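To start, the structure itself, in structure tokens.
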Amino acid sequence: MTKIYIYCLFEKDDKFCGVYSSIKAAHRDALKICNKGGASVYLRTGETVEKPTVKLLRNIFKGEMDLKVTYHSDKTRVTILKTKL
């Protein structure tokens with residue numbers, strides 16, 4: 001049986017933005033939504049904060065399930081949730 005992973009995007013107040021089967025598309029739209037302020041966008045997982053890249057996001061999600069990653073800037077916040085169909 002094939003495992004199908006999906007990535008759900010949520011804005012600041014848990015407003016649903018979309019569902020993606022591609023981690024690259026989820027990353028692209030998270031950056032687009034989050035990049036509305038004057039500050040840079042950062043990726044937060046637990047206590048670590050880093051510059052977001054597709055490679056970093058893929059490595060964070062590798063082997064994990066039901067994990068949330070947050071992109072944030074000075075004005076907004078976007079959360080990506082990885083789950084399975």
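These values consider heavy atoms only, across backbone and side chains, with no hydrogens, waters or symmetry-generated copies. No experiment lies behind these values; they were computed from the predicted model shown.
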Is the backbone of Leu43 close enough, under 3.5 Å, to the side chain of Lys51 for a donor and an acceptor to pair up by distance? no
Proximity of Tyr5 and Phe61 rings by center, below 6.0 Å: no
Checking one residue: Val19. Which other hydrophobic residues are in its cluster under the side-chain 4.5 Å linking rule? Ile4, Ile6, Phe10, Phe16, Leu81, Leu85
How long is the gap from OG1 on Thr45 to NZ on Lys68, to the nearest 0.5 Å? 14.0 Å
Which heavy atom in Lys36 sits nearest to a heavy atom in Lys75, and how many Å separate them? O-CD, 4.2 Å
Got a second to check how far His72's NE2 is from Ser40's OG, nearest 0.5 Å? 10.5 Å
Should Ile60 and Tyr42 be regarded as members of a common hydrophobic cluster, given that ILVMFWY residues are connected when their side-chain heavy atoms come within less than 4.5 Å of each other, either directly or indirectly? no
CZ/Arg58 to CG/Leu56 distance, rounded to the nearest 0.5 angstrom? 11.0 Å
Between the CE atom in Met65 and the OG1 atom in Thr83, the distance rounded to the nearest 0.5 Å is 6.5 Å
How about Ile33 and Leu9: do any of their side-chain heavy atoms sit closer than 4.5 Å? yes
Quick check: His27 with Tyr20 (ring centres under 6.0 Å apart)? no
Just by modelled atom types, is the Lys12 backbone N or O under 3.5 Å from a matching donor or acceptor in the Arg77 side chain? yes
Could you tell me the separation between the OH atom of Tyr7 and the CG atom of Leu67, rounded to the nearest 0.5 Å? 10.5 Å
Taking every non-hydrogen atom, the tightest pair across Pro52 and Val41: CD-O, 3.2 Å
Same cluster or not: Val49 versus Leu57, using hydrophobic residues (I, L, V, M, F, W, Y) connected whenever any side-chain heavy atoms lie under 4.5 Å apart? no
Expected output: side-chain Ser73 to main-chain Cys34 donor-acceptor under 3.5 Å: yes
